Chemist: 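Before anything else, here's the structure in question.
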There are 2 protein chains.
Amino acid sequence: MSDMPSCQFESRPRRIVIGSSGVQTDFCSTCSVRPNSICSVIEPGDISRLSEVAVEAIVPPGRGFIEEGAPATDFFNVTSGTVKLFKALPDGRRQITGFAAPGHFLGLAVSDSYAFGAEAVDTVRVCRFSREKMTELLDDFPKLERRLLEEASNELVAAQNQMLLLGRKTARERVASFLLDQMQTGLLPGQDGNGGRLHLPMTRGDIADYLGLTIETVSRTLSWMRAQGMIEVGKGYAITIVSIAKLEVLAAGNG
Amino acid sequence: MSDMPSCQFESRPRRIVIGSSGVQTDFCSTCSVRPNSICSVIEPGDISRLSEVAVEAIVPPGRGFIEEGAPATDFFNVTSGTVKLFKALPDGRRQITGFAAPGHFLGLAVSDSYAFGAEAVDTVRVCRFSREKMTELLDDFPKLERRLLEEASNELVAAQNQMLLLGRKTARERVASFLLDQMQTGLLPGQDGNGGRLHLPMTRGDIADYLGLTIETVSRTLSWMRAQGMIEVGKGYAITIVSIAKLEVLAAGNG
DNA sequence: CGCACCATTGAGAATTATCAATCCTTGTGG
DNA sequence: CCACAAGGATTGATAATTCTCAATGGTGCG
């Protein structure tokens with residue numbers, strides 16, 4: 001496929017917010033994704049502990065920041081943008097195992113090396129924690145551990161759903177399932193009820209690698225869905241869901 | 001496929017070992033899989049706590065004991081035999097998401113209903129914990145929570161590997177990967193080095209549902225591997241690995 | 001002994017992949 | 001501002017892997 005991107009950050013700015021008194025402020029306390037992330041279990045009085053160990057980083061589109069097989073030195077929390085997680089075979093075949101949206105925690109692994117790679121789909125901001133700092137936090141905040149277990153359990157459920165999709169669903173069923181899933185995260189503002197405009201930040205190639213298909217099959221399937229009046233394919237990364245009901249019939253298992 | 005088995009236990013014997021003094025003994029302390037299970041983090045002095053909340057059950061081959069979508073009332077620990085975990089589509093298509101060997105913990109899910117079904121492959125023994133009793137244990141033994149997180153992380157890694165297999169590997173690669181995986185758990189005693197006799201407790205149908213293939217393709221692929229001198233297919237559930245090297249070349253990605 | 005279930009093998013069909021050409025969009029530089 | 005280059009997307013024609021349908025053979029249990 002494409003050339004393997006390097007595993008370096010574009011920049012690694014320690015984003016320190018200076019308050020009126022000139023003292024470092026807890027940027028975690030103003031973090032917009034904290035309510036949806038594991039950080040929400042840290043009490044307001046302890047948030048400074050978070051800010052001390054977290055480092056903000058900005059990852060430009062297409063840049064990888066976790067390399068499969070590399071030493072697992074850091075954990076990440078996505079604060080904005082979309083990240084693709086993937087595994088690859090020696091000959092280049094790639095399977096995207098998931099897309100991480102803001103609030104998602106990355107790096108769950110007992111091994112000392114990453115079991116997957118991670119790459120920014122669009123411009124991504126992440127909070128980075130070193131492995132040892134994270135361990136300290138876990139020791140000091142038992143709630144954090146329970147929250148991580150929740151997070152892991154949720155990912156496990158998602159992984160099981162994806163295995164069902166990859167192992168047993170047809171191309172049409174896969175794409176339908178994908179579009180419905182994306183309505184959880186990709187819905188444009190003001191959209192809700194029986195339809196909705198979606199912003200899909202990933203390319204057809206990414207979708208294909210996520211669904212275990214080829215680019216061409218994804219494209220053809222979307223065209224077929226458009227012909228069926230299920231969706232409208234806008235330019236860029238926009239897709240409009242015209243009939244959720246029809247997609248749900250497909251996704252449930254009528255290829 | 002086959003008719004859906006009921007979600008009942010064959011029997012639910014509270015296995016209470018009566019010591020010489022006539023007092024109930026901790027059967028957990030003699031449990032052969034404890035070193036490999038989450039129970040290993042409970043200190044010897046606290047093992048009685050385990051025995052109090054655990055109930056042993058025997059599940060006959062083919063019997064289901066977790067029904068997908070049913071209220072998640074219990075957790076399980078496999079103590080002997082092999083369990084298949086699966087998800088199904090309305091029309092009967094089934095994806096086996098994993099095989100659980102002795103020591104495996106079942107039921108990780110935040111939801112109040114099971115996200116997957118479980119069924120005994122051969123005769124299975126499990127330890128059952130009620131959800132509330134398990135919660136109490138988690139509160140009293142922080143180490144247990146950390147161990148569960150480890151368990152979940154390991155399953156996540158396995159799930160990611162399986163997604164790569166299902167989404168991007170050819171039939172031959174899938175079967176090769178499967179056979180190599182099974183050498184971790186299914187090796188018959190006395191086997192080790194460059195080959196080994198495997199006991200696969202599951203049917204071809206189970207293997208097919210695990211690998212996202214059909215029974216026929218699994219069978220044909222095994223026949224092809226035999227013709228290539230990679231394996232020997234014995235009668236019953238025996239398979240002999242003749243050349244690990246050839247299988248590894250296949251599994252790594254040469255279809 | 002016969003039935004039921006599982007496994008193997010064959011022939012043909014179907015879904016999806018591969019190869020290839022064209023179009024569209026976007027960004028860049030003259 | 002326009003032309004061009006580059007990457008992504010779409011569509012078409014063909015190929016290949018895998019599935020489906022079907023028949024046969026083996027194994028174990030009642």
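Note that the structure is predicted; figures quoted are calculated from it, not measured. Chain letters run A, B, ... following the sequence lines, proteins first, then strands; residues in each count from 1.
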Chemist: Is the Phe76(A) to Phe105(A) ring centre distance short of 6.0 Å?
Modeler: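 Aromatic pair excluded; centres sit 6.0 Å or further apart.
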
Chemist: Has the side chain of Arg220(B) got a donor or acceptor atom sitting under 3.5 Å from an opposite partner on the base of dT20(D)?
Modeler: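 For Arg220(B), whose side chain was compared with the base of dT20(D), there is a donor-acceptor pair (under 3.5 Å).
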
Chemist: Is any side-chain N or O of Thr217(A) closer than 4.0 Å to OP1 or OP2 of dA17(C)?
Modeler: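 Affirmative; the distance criterion is met.
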
Chemist: Quick one: is dT9(C) close enough that its OP1 or OP2 comes under 4.0 Å of any side-chain N or O from Arg226(B)?
Modeler: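 Yes, within the criterion.
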
Chemist: Give the rounded distance in Å between these two atoms: OH of Tyr237(B) and C1' of dA7(C).
Modeler: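 After rounding, the reported distance stands at 10 Å.
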
Chemist: Checking side-chain contact (heavy atoms from CB on, under 4.5 Å) between Leu106(B) and each of Asn77(B), Leu85(B), Val126(B), which is the one that passes?
Modeler: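 Only one of Asn77(B), Leu85(B), Val126(B) forms a side-chain contact (heavy atoms from CB on, under 4.5 Å) with Leu106(B), namely Leu85(B).
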
Chemist: Consider the side chain of Thr214(A), meaning its heavy atoms from C-beta on, and name the nucleotide among dT8(C), dC21(D), dT18(C) that approaches it most closely.
Modeler: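 Minimum distance to the Thr214(A) side chain belongs to dT18(C).
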
Chemist: Thr170(B) has a side chain; which of dT18(D), dT20(D), dT16(C) sits nearest to it?
Modeler: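 Given the options dT18(D), dT20(D), dT16(C), the side chain of Thr170(B) is closest to dT18(D).
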
Chemist: In terms of side-chain heavy atoms of Ser223(B), which of dT8(C), dC19(C), dA17(C) is nearest?
Modeler: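 For Ser223(B), the side-chain atoms sit closest to dT8(C).
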
Chemist: dT17(D) P sits how many Å from Leu213(A) CG, rounded?
Modeler: 18 Å

Chemist: Quick check for you: among dT25(C), dT18(C), dT18(D), whose closest atom lies nearest to any side-chain atom of Ala171(B)?
Modeler: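 Selected nucleotide: dT18(D).
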
Chemist: Starting at CD1 of Ile231(A), measure out to OG of Ser223(A) and round the result to the nearest 0.5 Å.
Modeler: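 Interatomic distance, Ile231(A) CD1 to Ser223(A) OG, rounded to 0.5 Å: 8.0 Å.
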
Chemist: Grab the CG-P distance between Asp209(A) and dA9(D) for me, whole Å please.
Modeler: 12 Å

Chemist: Provide, to the nearest angstrom, the distance between the CG atom belonging to Leu222(B) and the C1' atom belonging to dT8(C).
Modeler: 11 Å

Chemist: Pick the closest DNA chain C nucleotide for Arg174(A) and for Gly236(A) by heavy atoms, then say which residue is nearer the 5' end.
Modeler: Arg174(A)

Chemist: Any heavy-atom pair between the side chains of Ile244(B) and Leu180(B) that's under 4.5 Å?
Modeler: yes

Chemist: Starting at atom CG of Asp91(B), determine the distance to atom P of dT20(D), rounded to an integer number of angstrom.
Modeler: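 From Asp91(B) CG to dT20(D) P: 11 Å.
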
Chemist: When you measure from the side-chain N and O atoms of Lys235(B) to the phosphate of dT27(D), is any distance below 4.0 Å, counting only OP1 and OP2?
Modeler: yes

Chemist: Taking CZ from Arg93(B) and C1' from dT15(C), how many angstroms apart are they, rounded to a whole number?
Modeler: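 Computing the Arg93(B):CZ to dT15(C):C1' distance gives 13 Å.
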
Chemist: In whole Å, what is the span from the CH2 atom of Trp224(A) to the P atom of dT16(C)?
Modeler: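 Atom CH2 in Trp224(A) sits about 11 Å away from atom P in dT16(C).
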
Chemist: From the set dA17(C), dT16(C), dT8(C), return the single nucleotide nearest to any side-chain atom of Ile215(B).
Modeler: dT8(C)

Chemist: For a quick check of understanding: with a heavy-atom distance under 4.0 Å over all strands, which category does Thr203(A) fall into, base, sugar-phosphate or nothing?
Modeler: sugar-phosphate

Chemist: Would you mind reading off the distance between Arg204(A) atom CZ and dT25(C) atom P, rounded to a whole angstrom?
Modeler: 13 Å

Chemist: Judged by modelled atom types alone, do Lys169(B) and Ser177(B) share a side-chain donor-acceptor pair under 3.5 Å?
Modeler: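 Checked: Lys169(B)/Ser177(B) side chains pair up, N/O donor to acceptor below 3.5 Å.
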
